[in-house]
Amino acid sequence: MTEGSEIGERIRSLSPASAVAIRMNPREYADDYFAVLQSALKERGDGEDVHTIYVSVTNPCGLVWSIAQALDVSPDRISFVDAISHTMMNYREPLPNATYVESPRMLETIMLRVEYLLRRHASARPMLIIDSVNSLAIHNPQALLTEFFHILVNNLKSRQVLTLLLIVSEDTVSELDQLVSLIVDETIDVVRPPG
Amino acid sequence: MVTATPPTESRPAPPRDRCVTGIDGLDNILHGGIPKGSMVLLAGAVGTGKTTLSLEFLVRGAEAGERSLFLSVTESSVKLTENLSAFEFFRHDLLEAGSLVIVDLPDMYSRLGLDHEELTTEEIGLLTRSILALVAETGAQRVVLDSLTSVGYRIRREERIRDFMLTLGQGLNRLGCTTLLVSEVASSEGRYSAHGVEEAIVDGVILLGNASRRGDILRVLQVVKMRGTSHSRAQYVMELTPIGLLMAPHLKGNRPEGG
């Protein structure tokens with residue numbers, strides 16, 4: 001278990017060629033989520049030449065971008081693959097640093113947009129954040145999702161891309177936890193200090 | 001005399017030189033590229049990316065020092081150039097240097113007096129010779145005819161289309177050209193060309209199409225046939241991006257066959 005204050009340190013120390021699940025508590029989701037974004041985007045993402053590719057399936061990228069702006073993240077350091085705005089009919093003001101996928105069911109298109117952004121930012125050290133495994137699971141059958149993660153994560157690991165999979169987990173071990181455990185090298189459970 | 005050399009028939013055929021398309025995903029699928037000198041049918045329905053794939057094939061070739069020729073029937077060279085400008089891989093200097101040549105085939109029809117609807121056998125011969133002369137003149141090593149279907153409308157008869165393709169294919173092969181023939185087919189037809197004879201003549205068939213996943217449409221590519229090389233026969237999802245075509249495996253998710 002990792003306290004909020006320790007997450008930054010854990011994420012900073014991760015090897016580039018690794019895939020890591022970051023498991024958040026549903027009852028503390030908002031605070032956990034902010035702590036994770038702060039750690040990933042600011043503390044790891046601020047590192048030299050790091051470029052973050054953020055796949056947003058839970059919230060439209062505009063919302064994530066507003067949090068990133070509050071954290072003083074430079075728009076040159078982050079690109080979005082937004083797979084939810086079209087589905088939520090929330091595509092009126094596209095961000096210049098975002099590419100929009102019509103549906104979270106178009107998993108191959110998500111893969112290809114990630115590939116596109118990796119090539120566009122080939123000179124940077126890449127980090128991929130998928131937000132979240134739960135949201136992708138709402139829209140896709142588990143077998144398809146397992147295949148998607150297997151191909152994407154292994155491909156990225158071989159190319160020295162750090163991949164963070166955000167997951168909101170219940171106390172009991174769910175099917176999603178099992179799926180994620182097949183793919184990642186380690187899981188970080190977020191526990192913030194009381195008070 | 002006893003020799004350690006195995007009989008000829010048991011020796012593997014030497015690998016053929018490849019025309020590296022420059023489209024990463026396609027070269028991977030083809031285990032290194034299209035065998036040089038092949039004539040390949042690029043078949044697909046409207047909006048599946050046939051012209052874009054063809055143009056990238058030529059631009060990548062021109063960049064690599066292989067002169068490239070696009071014979072356009074359906075779209076004007078001006079419009080094609082405008083469309084190409086949207087892609088970051090396109091370079092105007094390739095056109096200016098003559099490394100990439102775009103020719104409006106209707107202009108050739110007019111010049112040869114072939115403006116009428118149905119061509120005779122002699123006129124088909126004249127058209128074939130003119131195309132081959134143009135290829136020789138430009139020194140093209142990569143050629144795209146967009147589309148074979150449109151030319152086929154003016155040839156009409158199956159046996160004449162067969163003769164046209166055989167003569168053109170032999171001529172282009174002699175000139176060392178690797179050729180893509182664009183074929184427009186409706187997705188429901190279940191074949192790769194307008195007459196059905198074209199796919200038997202060519203060395204390869206690349207099929208582009210649309211796959212539906214619960215109402216969402218994905219562009220897909222599949223190499224159905226390619227003589228002279230092993231290749232993947234799996235289906236891939238294709239994305240047209242500003243930096244060129246990108247491909248990923250088409251996920252199945254334990255979907256039952258045909259599902």
Side-chain angles (χ1 to χ4, degrees), chain A residues 53 55 57 79 81 83-88 94 96-123 128 136-156 158-159 161 175-176 179 182-183, chain B residues 21-29 44 47-49 52-53 56 59-60 63 86-91 207-223 232-259:
Chain A
I53 298 169
V55 178
V57 191
S79 303
V81 178
I84 197 66
S85 285
H86 273 294
T87 300
M88 293 170 76
N97 55 343
T99 171
Y100 293 83
V101 176
E102 290 90 328
S103 152
R105 289 184 295 272
M106 299 170 86
L107 296 172
E108 295 91 340
T109 308
I110 294 174
M111 268 192 225
L112 290 168
R113 298 292 172 88
V114 169
E115 176 64 31
Y116 167 68
L117 290 170
L118 284 171
R119 291 187 187 205
R120 286 305 295 261
H121 301 281
S123 60
L128 179 75
L136 283 171
I138 290 169
H139 298 277
N140 294 284
Q142 189 169 344
L144 205 62
L145 206 54
T146 306
E147 197 180 351
F148 165 73
F149 278 124
H150 177 74
I151 293 170
L152 180 69
V153 169
N154 286 314
N155 178 283
L156 296 179
S158 70
R159 295 161 69 183
V161 179
E175 285 181 345
L176 281 188
L179 183 161
L182 292 172
I183 296 154
Chain B
T21 68
I23 302 166
D24 287 351
L26 186 56
D27 287 328
N28 280 328
I29 292 166
T48 51
T52 306
L53 188 152
E56 186 173 353
V59 171
R60 301 289 184 198
E63 275 181 330
F87 292 98
E88 291 170 24
F89 62 79
F90 174 60
R91 287 168 33 198
L207 179 64
L208 306 185
N210 292 311
S212 173
R213 177 176 298 144
R214 291 188 289 157
D216 298 323
I217 294 175
L218 299 161
R219 279 198 179 97
V220 292
L221 174 147
Q222 192 164 29
V223 176
S232 164
R233 290 174 59 87
Q235 202 171 59
Y236 295 82
V237 172
M238 192 173 81
E239 177 90 350
L240 314 179
T241 79
I243 57 170
L245 292 173
L246 296 176
M247 289 170 214
H250 188 195
L251 305 177
K252 307 291 187 297
N254 296 334
R255 190 174 56 201
E257 195 60 35

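Please read all numbers here as calculations on a predicted model, not as lab measurements.
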Counting heavy-atom pairs under 4.5 angstrom with chain A, the leader among B:Leu218, B:Ile217, B:Thr241, B:Leu246 is B:Leu246
Looking at B:Gly215, B:Ala248, B:Gly25, which makes the most heavy-atom pairs under 4.5 Å with chain A?
B:Ala248
Passing candidate, side chain to side chain contact (heavy atoms under 4.5 Å, CB included) with B:Leu251, options A:Thr146, A:Ile151, A:Leu145, A:Asn140
A:Ile151
With a 4.5 angstrom heavy-atom cut-off, is it the side chain or the backbone of A:His150 that approaches chain B, or both, or neither?
neither
Measure the CE-OG1 distance between B:Met238 and A:Thr109 for me, rounded to the nearest 0.5 Å.
11.5 Å
Quick one: are A:Arg120 and B:Ile243 in side-chain contact, heavy atoms under 4.5 Å?
yes
A:Tyr116 meets the ring pair (Phe, Tyr, Trp, His ring centres under 6.0 Å) criterion, sequence neighbours left out, with none
Taking all heavy atoms of A:Ala143 and all of B:Gly253, pick out the closest pair and write down the distance.
CB-O, 3.4 Å
Report the distance from atom CZ of A:Arg119 to atom CG of B:Asp24, rounding to the nearest 0.5 Å.
4.5 Å
Scored by heavy-atom pairs under 4.5 Å with chain B, the best of A:Met106, A:Gln142, A:Arg105 is A:Arg105
Non-neighbouring partners of B:Tyr236 that pass ring pair (Phe, Tyr, Trp, His ring centres under 6.0 Å), sequence neighbours left out:
none
Salt bridge (charged side-chain N to carboxylate O under 4.0 Å, His left out) between A:Glu108 and B:Arg213: does it pass, once the steps are laid out?
CA-CA 11 Å; A:Glu108 295 91 340; B:Arg213 177 176 298 144; 2.7 Å; yes
Do NZ/NE/NH1/NH2 and the carboxylate oxygens of B:Lys252 and A:Glu147 come within less than 4.0 Å?
no
